[in-house]
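Here the structure is laid out as structure tokens; the discussion comes afterwards.
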There are 2 protein chains.
Amino acid sequence: MVTEQATRRVDEGDVRRADSLAREIFVGVANKWALLIINVLGDRTLRFTELRGEIEGISHKMLTQTLRGLERDGVVLRTVHPTVPPRVEYRLTEAGAALRDTVNGMCAWTRRYLAEIETARRRYDADHSVG
Amino acid sequence: MVTEQATRRVDEGDVRRADSLAREIFVGVANKWALLIINVLGDRTLRFTELRGEIEGISHKMLTQTLRGLERDGVVLRTVHPTVPPRVEYRLTEAGAALRDTVNGMCAWTRRYLAEIETARRRYDADHSVG
DNA sequence: CAGGATCCTAGAGGATACTG
DNA sequence: CAGTATCCTCTAGGATCCTG
């Protein structure tokens with residue numbers, strides 16, 4: 001019989017194909033809030049409110065929503081302490097830590113090229129403002 | 001006298017602050033289309049149409065728009081050959097290549113954890129479907 | 001404190017048509 | 001072929017209120 005496994009496409013690792021699982025995962029993680037959360041978490045354990053305080057501009061809704069996605073993908077571990085008031089802690093899983101390393105690479109890249117990018121922008125704007 | 005430099009904030013390298021230049025640059029690059037373009041470009045030189053063909057699901061508009069942003073930041077180099085019909089080629093700059101390396105890290109991460117993420121999702125969905 | 005549910009709007013992004 | 005402009009849709013995401 002033809003199983004689901006058998007009919008599944010083979011190039012799942014190709015991040016280019018919109019219908020591949022890899023692309024879905026990549027895209028799910030390739031957004032500012034997810035990357036900022038991962039970056040801010042680092043190797044710490046933070047509560048919901050702490051997390052929110054460290055990420056300027058994130059709304060209550062986006063924080064919960066993004067955390068749910070990351071939790072579902074096994075990137076973030078969510079621990080609920082059944083106290084009152086509740087205490088919920090978030091930390092990166094092993095997969096999350098691996099991802100964090102590449103995110104830190106992006107942050108390092110930003111710092112490294114900050115000045116050059118500023119310059120490039122000024123040149124671009126100058127060249128395109130007139131006509 | 002107080003110069004612009006003097007009044008500028010010092011923590012520009014902090015990607016957490018929404019008003020920092022670093023955050024603006026980070027966020028500008030932390031979106032799926034930008035990352036996919038950078039990934040697809042690799043070390044090749046591609047024309048607009050080729051690029052579009054390799055990134056499934058990207059619209060004409062988003063491709064131009066995202067390329068403009070990357071060009072402005074000096075991540076992508078745009079070369080126009082004044083022929084008819086026009087031939088426009090895109091390739092990564094040195095800064096772009098550096099960024100590509102971290103993007104490739106994200107792709108590698110996706111492949112590496114693909115199976116585990118699938119498992120995590122199934123478990124999460126099972127645990128949350130019922131209530 | 002953590003977070004679900006609802007409502008609602010600003011802006012991302014698609015489709016299409018036009019230009020050099 | 002590459003790119004701009006326009007219009008229009010739809011959804012990401014904010015504000016707010018409510019629960020355990």
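Throughout, a chain's letter reflects where its sequence line sits, starting with A, and its residues are numbered from 1.
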What's the [atom1]-[atom2] distance between [X] and [N], to the nearest Å?
X	N	atom1	atom2	answer
Glu50(B)	dG3(D)	CD	P	13 Å
Ile58(B)	dA12(C)	CD1	P	15 Å
Arg47(A)	dC1(C)	CZ	P	7 Å
Leu46(B)	dC1(D)	CG	P	15 Å
Asn31(A)	dG11(C)	CG	P	19 Å
Lys32(B)	dT11(D)	NZ	P	12 Å
Leu67(A)	dG4(C)	CG	P	10 Å
Arg87(B)	dG3(D)	CZ	P	13 Å

- [ ] Between Gln65(A) and Pro85(A), just flag the one whose closest nucleotide in DNA chain D comes earlier from the 5' side.
- [x]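 That would be Gln65(A).
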Options [options], nucleotide nearest the side-chain atoms of [X]:
X	options	value
His60(A)	dG3(C), dT6(C), dG3(D)	dG3(C)
Lys61(A)	dG3(C), dC7(C), dG3(D)	dC7(C)
Trp33(B)	dG14(C), dG14(D), dG3(C)	dG14(C)
Phe48(B)	dG14(C), dG20(D), dG3(D)	dG3(D)
Pro86(A)	dG20(D), dG14(D), dT6(D)	dG20(D)

Open item on the list: With side chain to side chain contact (heavy atoms under 4.5 Å, CB included) as the test, pick out the partner of Ile37(A) among Leu70(A), Leu46(A), Val103(A).
Closed with: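 Filter result, single survivor: Leu70(A).
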Open item on the list: Considering every strand and a 4.0 Å limit on heavy-atom distances, what is the contact class for Arg52(A): base, sugar-phosphate, or nothing?
Closed with: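 Nothing: the residue Arg52(A), judged by heavy atoms under 4.0 Å, touches no strand.
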Open item on the list: Let's go through Leu36(B) and Ile58(B) carefully: what are the C-alpha distance in whole Å and the side-chain angles of both, what is the deciding distance for side-chain contact (heavy atoms from CB on, under 4.5 Å) to 0.1 Å, and is it a yes or a no?
Closed with: CA-CA 10 Å; Leu36(B) 284 171; Ile58(B) 195 168; over 6 Å; no
- [ ] Measure the CG-CG distance between Asn39(B) and Leu92(B) for me, rounded to the nearest 0.5 Å.
- [x]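 Spacing of CG (Asn39(B)) from CG (Leu92(B)) equals 10.0 Å.
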On the nucleotide [N], are OP1 or OP2 found under 4.0 Å from the side-chain N or O atoms that [X] carries?
X	N	result
Thr64(A)	dG3(C)	no
Arg68(B)	dT4(D)	yes
Tyr90(B)	dG3(D)	yes

TODO: Please work out which of the three classes, parallel, tilted or perpendicular, describes the rings of Tyr124(B) and His128(B), given edges at 30° and 60°.
DONE: parallel
Open item on the list: So for atom CZ, which belongs to Arg91(A), do other residues, nucleotides or ligands contribute more than 12 heavy atoms lying within a distance under 6.0 Å?
Closed with: no
